Asks: 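Before I ask anything, here is the structure I am working with.
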Amino acid sequence: DTKADNDGGTVFDPQMRRFIEDNTRPLQTPARWSPAPLPFEGSTFNPALKIQKGGVMVLAMRHAGRRARVRVEQGATLSEILLTTENVAVFRVSGPVLANSLKVDGVSIDLPGAASAEHTLC
């Protein structure tokens, strides 16, 4: 079920490789991030792939082998963005998400710096 011995296990078997290639091709753009309309959701089974959506990228998972997910939606006001995580230990936000105040899993986060900065959150 893998291409070679010790190549990463079933995450990199031929079926998963095809799935990843087929479903990530549109996300591979020269830009660091592309704006996504709210609400949107980014998910990954393998953070090593460095897939990013709308300025949100999962860097580490709490439990390997399970899907990690970040949902981004509008808050109660136009300037508030809500991020809800599932199985995410560490993630990075940049670009359009930072143009607003953030609330991650119900906790308000005050991030210093301009919207063009990147911030890693645990």
Side-chain angles (χ1 to χ4, degrees):
D1 64 359
T2 59
K3 188 174 183 179
D5 290 341
N6 299 317
D7 71 350
T10 58
V11 172
F12 294 105
D13 69 8
Q15 183 179 3
M16 282 301 292
R17 271 197 288 277
R18 273 193 309 279
F19 175 81
I20 291 167
E21 288 172 12
D22 293 344
N23 291 285
T24 61
R25 200 165 292 124
L27 299 176
Q28 297 169 350
T29 63
R32 291 176 59 138
W33 52 263
S34 57
L38 295 177
F40 69 88
E41 186 174 284
S43 64
T44 184
F45 284 95
N46 186 353
L49 297 173
K50 303 289 186 199
I51 298 171
Q52 161 166 232
K53 183 173 183 178
V56 178
M57 181 189 324
V58 174
L59 300 176
M61 298 167 33
R62 292 185 188 278
H63 305 284
R66 298 183 191 168
R67 178 174 60 178
R69 183 169 28 192
V70 179
R71 179 161 176 77
V72 181
E73 55 193 325
Q74 188 70 51
T77 67
L78 291 177
S79 64
E80 183 179 60
I81 299 292
L82 305 176
L83 283 81
T84 307
T85 66
E86 180 182 314
N87 193 31
V88 175
V90 181
F91 67 99
R92 178 174 293 147
V93 292
S94 62
V97 173
L98 293 176
N100 299 286
S101 64
L102 291 180
K103 190 176 275 190
V104 180
D105 294 332
V107 177
S108 293
I109 306 289
D110 186 26
L111 299 173
S116 61
E118 290 184 340
H119 295 279
T120 301
L121 303 170
C122 300

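If you're wondering where the values come from, they're calculated on a predicted model, not measured in any experiment.
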Asks: With Lys50, which residues qualify under salt bridge (charged side-chain N to carboxylate O under 4.0 Å, His left out), at least two apart?
Replies: none
Asks: Residues two or more places apart in sequence or in another chain: which of them pass side chain to side chain donor-acceptor pair (under 3.5 Å) with Thr77?
Replies: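 Residues passing side chain to side chain donor-acceptor pair (under 3.5 Å) with Thr77: Ser79.
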Asks: Please report the interatomic distance NZ(Lys103) to CD(Glu80), rounded to the nearest 0.5 Å.
Replies: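 Separation between the atoms: 4.5 Å.
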Asks: When you compare the side chain of Leu59 with that of Phe91, does any pair of heavy atoms fall below 4.5 Å?
Replies: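 Heavy-atom side-chain distance check fails, nothing below 4.5 Å.
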Asks: Checking Ala89 now: which residues fulfil side chain to side chain contact (heavy atoms under 4.5 Å, CB included) with it, not counting sequence neighbours?
Replies: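 Checked Ala89 against side chain to side chain contact (heavy atoms under 4.5 Å, CB included); matches are Ala60, Arg62.
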Asks: What residues form a side chain to side chain donor-acceptor pair (under 3.5 Å) with Glu73, not counting sequence neighbours?
Replies: none
Asks: Applying side-chain contact (heavy atoms from CB on, under 4.5 Å) between Leu83 and each of Leu102, Val88, Ile109, report the one that passes.
Replies: Leu102
Asks: Applying side chain to side chain contact (heavy atoms under 4.5 Å, CB included), can you list everything that pairs with Arg66, at least two apart in sequence or on another chain?
Replies: His63, Asn87
Asks: Report yes if some heavy atom in the side chain of Ser94 is under 4.5 Å from a heavy atom in the side chain of Gln52; otherwise report no.
Replies: yes
Asks: Assigning hydrophobic clusters by single linkage (Ile, Leu, Val, Met, Phe, Trp, Tyr; side-chain heavy-atom cutoff under 4.5 Å), is Leu38 placed with Met57?
Replies: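 In one cluster: no.
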Asks: Please walk me through it: do Val70 and Thr84 pass side-chain contact (heavy atoms from CB on, under 4.5 Å)?
Replies: CA-CA 6 Å; Val70 179; Thr84 307; over 6 Å; no
Asks: What I'd like to find out is whether the side chain of Pro39 reaches to under 4.5 Å of the side chain of Arg71, using heavy atoms alone.
Replies: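 In contact.
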Asks: Would you call Leu121 and Val90 a side-chain contact if the rule is heavy atoms closer than 4.5 Å?
Replies: no
Asks: Taking all non-hydrogen atoms of both residues into account, name the closest pair between Pro47 and Val58 and its distance.
Replies: CB-O, 3.6 Å
Asks: Can you tell which of Thr120, Val104, Val56 makes a side-chain contact (heavy atoms from CB on, under 4.5 Å) with Val93?
Replies: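 For Val93, the side-chain contact (heavy atoms from CB on, under 4.5 Å) test succeeds with only one of Thr120, Val104, Val56, which is Val56.
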Asks: Other than Leu82, what residues sit in its cluster of Ile, Leu, Val, Met, Phe, Trp and Tyr side chains whose heavy atoms are under 4.5 Å apart, directly or through others?
Replies: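 Other cluster members: none.
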Asks: Shortest non-hydrogen contact from Ser43 to Arg67?
Replies: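 Heavy atoms only, the tightest pair is CB-CD, 3.6 Å.
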